[in-house]
Amino acid sequence: MSIPQLEKTYSPHDVEDRWSQRWIDAGLFHANPTDSGQPYSIVIPPPNVTGSLHVGHALNNTLQDILIRWRRMQGRNTLWMPGMDHAGIATQNVVERQLQAEGTTREALGRKAFLDRVWQWKEKSGGTIISQLKRLGASCDWDRQRFTMDEGLSEAVREVFVRLHEDGLLYRGERLINWCPRCLTALSDIEVEHEEITGKLYTIRYPLADDPSQFLLVATTRPETMLGDTAVAVHPEDERYRHLIGKRVRLPLTTRTIPIVGDSILVDREFGTGAVKITPAHDFNDFEAGMRHALPRLKIMDIHANLRVEGALAEPNVMEAVEGLSVAKARPKIEQLLIDQDLLEKAEPHKMALGKCYRCKTVVEPLLSDQWFVNIKPLAEPAIQAVEDGRVRIIPEAWKNNYLGWMRDIKDWCVSRQIWWGHQIPAWYCETCYGSPFLRRSSDGAPLIPSDATVIVAKTKPGACAKGHSDALVQDPDVLDTWFSSALWPFSTLGWPQQTAELKTYYPTSTLVTGLDILFFWVARMIMMGLKFMGEVPFRDVYIHALVRDAEGQKMSKSKGNVIDPLHVMEQYGTDALRFTLAAMASPGRFTNKIWNAARFLLMHLDGERAEVTPDQRSFPDRWILSRLNATIRTVTQELEEYRFDRASSALYQFIWHEYCDKYIEMIKPALLHPFMPFITEEIWHTLPHEGASIVRQPYPTARSDWDSKEAEEEFATVEECVELTNLARGILNYPAGQRLHFKGHAKAEQTRSILLKHRQLIEHLGNIDHLMIGTTPETTMPHFLVLTRGSVDMCRTLEHMESIDLHKAKENVLKQIESLKKEVGRTQQKLGNSEFVAKAPPEVVTDHQERLTRESRMIRLFEQALQQITLEQRIHHST
RNA sequence: GGGCGGAUAGCUCAAUUGGGAGAGCGCUGCCCUUACAAGGCAGAGGUCACAGGUUCGAUCCCUGUUCCGCCUACCA
């Protein structure tokens with residue numbers, strides 16, 4: 001039977017398309033809870049339904065796939081659960097932009113029609129990233145794909161919401177929250193990005209009410225909010241201001257007076273003037289201070305962050321100047337008005353942090369509104385414990401402290417969002433009980449539920465309220481934070497709240513693979529929710545991988561235009577090349593071709609029947625490479641256990657390229673490499689003699705002790721030493737690379753001599769040697785030999801073909817060698833001359849230095865002889 | 001402001017318990033040697049950020065400094 005041959009170069013595209021489809025058709029990635037094998041499961045970090053594959057996804061999913069394929073080949077009952085996230089704000093933004101292009105808005109469409117529209121979009125083009133993940137070779141169980149807005153997962157969301165509420169871990173209330181004036185929704189604390197900017201610190205004169213000739217100097221970075229001031233605070237122990245506490249100041253630009261209060265928490269005596277204005281409705285600290293002093297909250301901004309100062313009793317010209325303006329536009333107006341009234345003491349440059357929406361980078365404003373919050377401390381406590389006692393391992397461990405620090409200082413989680421795309425909050429209010437219809441929000445017509453309306457939380461719409469009214473129940477118009485549903489992902493995807501076989505088999509999952517950027521957004525919340533609702537951690541190991549950065553170390557982002565498109569890399573070099581590069585952080589392209597050609601070479605030489613041969617019947621090169629293969633199997637397996645993808649890949653690279661390709665070309669074992677490079681290994685595996693339908697389910701190689709061969713490895717080391725010495729001699733004497741030469745080898749020990757005799761032909765072949773003589777004494781007789789030494793062997797080089805070498809250059813090379821050797825000898829001698837070193841260093845270190853000295857000295861002597869020989873040759877050469 | 005991590009070859013990074021620092025890419029030179037020029041062989045290139053300390057000996061341990069990154073924070 002003829003053996004199929006490979007094409008001259010590897011063509012990734014055909015191979016990848018073919019195998020992707022066959023793997024899926026054959027159901028090779030499908031997991032079954034009743035299958036044998038210890039379960040191994042991973043839930044995918046669900047990509048946004050709007051997303052497309054970027055290099056971060058490629059890295060994240062490559063690493064997961066390596067783990068999954070490896071464990072599957074090890075015979076584990078392996079599940080990789082795929083799916084997508086509905087990404088509330090991001091997705092809503094996408095569809096709203098489409099509407100804008102069509103000249104309409106979501107408000108014009110109405111909630112129902114808008115949501116239909118989003119679903120339509122999702123069905124049509126929402127799954128781009130899934131097909132891209134398939135192209136990456138991700139061996140997910142695609143039959144089980146989930147979406148956070150699926151009915152099952154939505155049920156889980158409602159269940160969790162109701163139970164949290166029953167347990168007093170969820171409440172609704174009016175608080176100051178982070179508000180994005182562009183997305184028109186509340187954000188949680190961690191959805192705000194802080195950016196350091198240089199603003200101005202304004203010092204403003206607030207006249208005392210009972211003596212307007214006297215001023216209290218107040219420092220602020222946000223002068224426009226002064227219209228909402230309801231007090232000024234000083235430190236109660238500050239001698240400068242103590243006597244003013246209880247008095248009032250006239251609030252500039254308004255007709256109001258406000259009290260001076262003493263507050264040791266808010267006021268830092270060292271900063272600014274030591275007096276600070278309090279604006280409880282527009283600043284988080286001031287909100288707290290306002291509570292302490294029972295101050296009124298005066299709202300002066302609308303949801304677009306435009307000034308609405310009706311209630312502020314602003315002076316008419318002030319009102320006229322700033323009403324309806326954005327913060328950015330109002331600030332210089334206020335500054336000018338203060339200057340006009342001679343109330344601005346100074347304005348100095350000042351560094352400060354500015355909060356921006358992580359989705360759209362709009363400046364967020366603290367805004368007073370009714371929102372839903374998760375009472376997080378009782379959930380955080382067990383989640384801290386789980387990491388502290390190691391039920392969840394964070395790898396690398398350096399991030400553990402990061403997690404613990406954040407969790408210990410965690411704040412209540414604002415989970416309501418004022419958008420439409422998402423899980424609508426399962427809470428109802430009775431307008432009949434309330435006594436009047438709820439107001440309609442001006443922006444979108446949704447009901448504006450007052451803080452004091454009685455709330456009914458239930459999984460489905462109740463038939464009637466507690467008092468039996470059934471005709472005017474209104475559902476909360478808000479939806480939940482996207483991360484609320486993704487926090488449930490490890491168990492909601494497995495069927496919870498139903499007690500499914502999947503849940504029983506695959507929960508807790510084995511490993512979570514993610515980037516650091518969502519440690520708090522997602523990982524921490526999954527741990528909290530998993531412990532609360534499953535009574536067990538959601539995963540054993542969290543592996544946190546690096547974020548992919550560009551040449552300047554910047555995060556990649558579309559707006560910076562510094563993204564590497566993984567699809568482009570796959571196009572150019574193939575998927576396996578991308579995967580291996582990401583795993584190893586090596587450079588792309590070459591490795592696949594190397595493997596391809598090694599396999600090609602093998603196939604050219606494969607013929608006849610292949611019988612199983614025991615190791616001791618094998619040839620020397622066979623025994624050596626098997627022993628090295630064994631070592632590689634052990635290393636790769638060990639490194640994968642420890643999530644050292646980089647070291648595992650470099651071990652594979654080292655073995656395949658340098659040991660297998662460079663030194664041994666007679667056989668191949670692609671299976672070990674399969675998890676890293678699934679396509680090319682599958683393709684090669686099928687051309688090789690094999691049993692079974694796919695490499696995907698082949699047993700992962702394990703080291704077998706009968707392949708270990710210390711003798712073969714030692715013998716090969718000697719062979720290599722000889723070859724390296726001949727190469728060195730070639731280099732020094734600058735012979736052309738291809739020229740075949742004579743050498744004479746001398747072994748210092750009888751055992752080494754027999755190795756040389758045994759492998760004479762191999763050395764001749766690898767060293768491109770015409771004839772290797774093996775002598776008993778090194779030939780140092782002038783003028784015929786150059787002798788080099790290393791470890792156990794001397795190599796003598798007959799000085800022949802002198803016409804083809806540059807003697808002058810050779811001399812230079814030898815002198816250079818001598819020079820550097822002498823330097824080393826000097827250092828070694830100095831050390832050995834130090835009596836303290838000899839006395840205190842461990843004996844083996846001293847011995848090592850002595851041996852080094854002997855070796856180095858001998859090499860100098862040999863090179864000096866060589867120098868004489870060359871000089872002599874030069875003379876002969878000249879005289880002829 | 002606080003915390004964490006980092007600074008090693010031109011670039012990206014290794015070096016597990018303190019005893020002459022390595023790889024990949026890039027660079028230089030020589031080779032199209034029938035598996036592979038996306039290749040082979042050889043080579044150059046490092047005050048291990050800086051200053052002290054401990055030690056016979058420090059890239060490694062300790063202290064301080066500088067610079068960079070990330071997280072976090074209410075100096076208005």
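Proteins come first, then strands; the chains are lettered A, B, ... in the order of their sequence lines, and each starts at number 1.
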Using nucleotides 1-9 of chain B, report all nitrogen or oxygen pairs with the protein that are shorter than 3.5 Å.
none

Applying salt bridge (charged side-chain N to carboxylate O under 4.0 Å, His left out), which residue pairs with at least one partner in residues 827-838 of chain A are found, sequence neighbours left out? A/E836-A/K840
Partner set under salt bridge (charged side-chain N to carboxylate O under 4.0 Å, His left out) for A/E345, not counting sequence neighbours: A/R205
Approximate separation, where rounding is to 0.5 Å, of A/F743 CZ and A/L725 CG: 9.0 Å
Taking salt bridge (charged side-chain N to carboxylate O under 4.0 Å, His left out) as the test, write out the residues that go with A/E764, two or more places apart. none
Taking the nucleotide of RNA chain B with the nearest heavy atom to each, does A/Q572 or A/Q817 sit closer to the 5' end? A/Q572
Between B/C71, B/G39, B/A76, spot the one nearest the side chain of A/W657, thanks. B/G39
Minimum-distance nucleotide (side-chain atoms of A/T221 versus B/A37, B/G20, B/A76): B/A76
Closest to the 5' end of RNA chain B, once A/R827 and A/M352 are matched to their nearest nucleotides, is A/R827
Would you indicate what A/G274 reaches in the nucleic acid, counting non-hydrogen atoms under 4.0 angstrom: base, sugar-phosphate, or nothing? base
Closest of B/G20, B/A76, B/U16 to the A/R647 side chain is B/U16
Are there over 12 heavy-atom neighbours, none belonging to A/H658, within less than 6.0 Å of that residue's NE2? yes
Within 6.0 angstrom of A/H350 NE2, more than 12 heavy atoms from elsewhere: yes
Please give the distance between the P atoms of B/G64 and B/C4 as a whole number of Å. 12 Å
Which is true for A/T828 with a 4.0 Å heavy-atom rule: it touches a base, it touches only sugar-phosphate, or it touches nothing? base
Check salt bridge (charged side-chain N to carboxylate O under 4.0 Å, His left out) between A/E7 and all other residues, then give those that pass, not counting sequence neighbours. none
Distance, C1' atom - from B/C36 to B/C27, rounded to whole angstrom: 23 Å
When the C1' atoms of B/U17 and B/U12 are considered, how many whole Å apart are they? 27 Å
Counting only pairs under 3.5 Å, give me each side-chain donor-acceptor contact of residues 810-824 of chain A, with atom names and distances, residues two or more places apart or in other chains.
from, atom 1, to, atom 2, distance (Å)
A/K811, NZ, A/Q874, OE1, 3.4
A/N813, ND2, A/I732, O, 3.0
A/S820, OG, A/Q817, O, 3.3

Could you state the NZ-C1' distance from A/K823 to B/G46, rounded to the nearest angstrom? 13 Å
So what does A/L266 touch, heavy atoms closer than 4.0 Å: a base, only the sugar-phosphate, or nothing? base
Taking B/G26 as the reference, what is the distance to B/A38 when you measure between their P atoms (whole Å, please)? 11 Å
Tell me, please, which residues at least two apart from A/D286 pass salt bridge (charged side-chain N to carboxylate O under 4.0 Å, His left out). none
For A/H13, all residues meeting side-chain hydrogen bond (donor to acceptor under 3.5 Å, both in side chains), sequence neighbours excluded: A/E571
State whether A/H658 places a side-chain N or O below 4.0 Å from either non-bridging phosphate oxygen (OP1 or OP2) of B/G24. yes
What nitrogen or oxygen pairs link the protein and nucleotides 53-59 of chain B at under 3.5 Å?
from, atom 1, to, atom 2, distance (Å)
B/C56, OP1, A/K840, NZ, 2.4
B/C56, O2', A/N834, ND2, 3.2

Would you please name every residue forming a ring-ring contact (aromatic ring centres under 6.0 Å, His included) with A/F520, sequence neighbours left out? A/W406
Write down the distance separating the P atoms in B/C71 and B/C11, rounded off to the nearest Å. 25 Å
Just to be sure I understand the rule, does A/R222 reach a base, reach only the sugar-phosphate, or reach nothing, if contact means heavy atoms closer than 4.0 Å? nothing
Using the C1' atom on both, measure B/A51 against B/U59 and round to a whole Å. 16 Å
Would you indicate whether A/E641, at its atom CD, is surrounded by more than 12 heavy atoms from other residues, nucleotides or ligands within a distance under 6.0 Å? yes
Euclidean distance for C1', B/G39 against B/C25 (whole angstrom): 16 Å
With a cut-off of less than 4.0 Å, is there a side-chain N or O of A/H350 near OP1 or OP2 of B/A76? yes
Can you list the stems that include RNA chain B, where a stem is three or more consecutive Watson-Crick or G-U pairs with distances under 3.5 Å? B:1-7 with B:66-72, B:10-13 with B:22-25, B:27-31 with B:39-43, B:49-53 with B:61-65
Non-neighbouring partners of A/H293 that pass ring-ring contact (aromatic ring centres under 6.0 Å, His included), sequence neighbours left out: none
A/R644 has an atom CZ; how far is it from atom P of B/A14, in whole Å? 8 Å
Candidate nucleotides B/A76, B/C74, B/C71, ranked by approach to the side chain of A/F520 - the nearest: B/C71
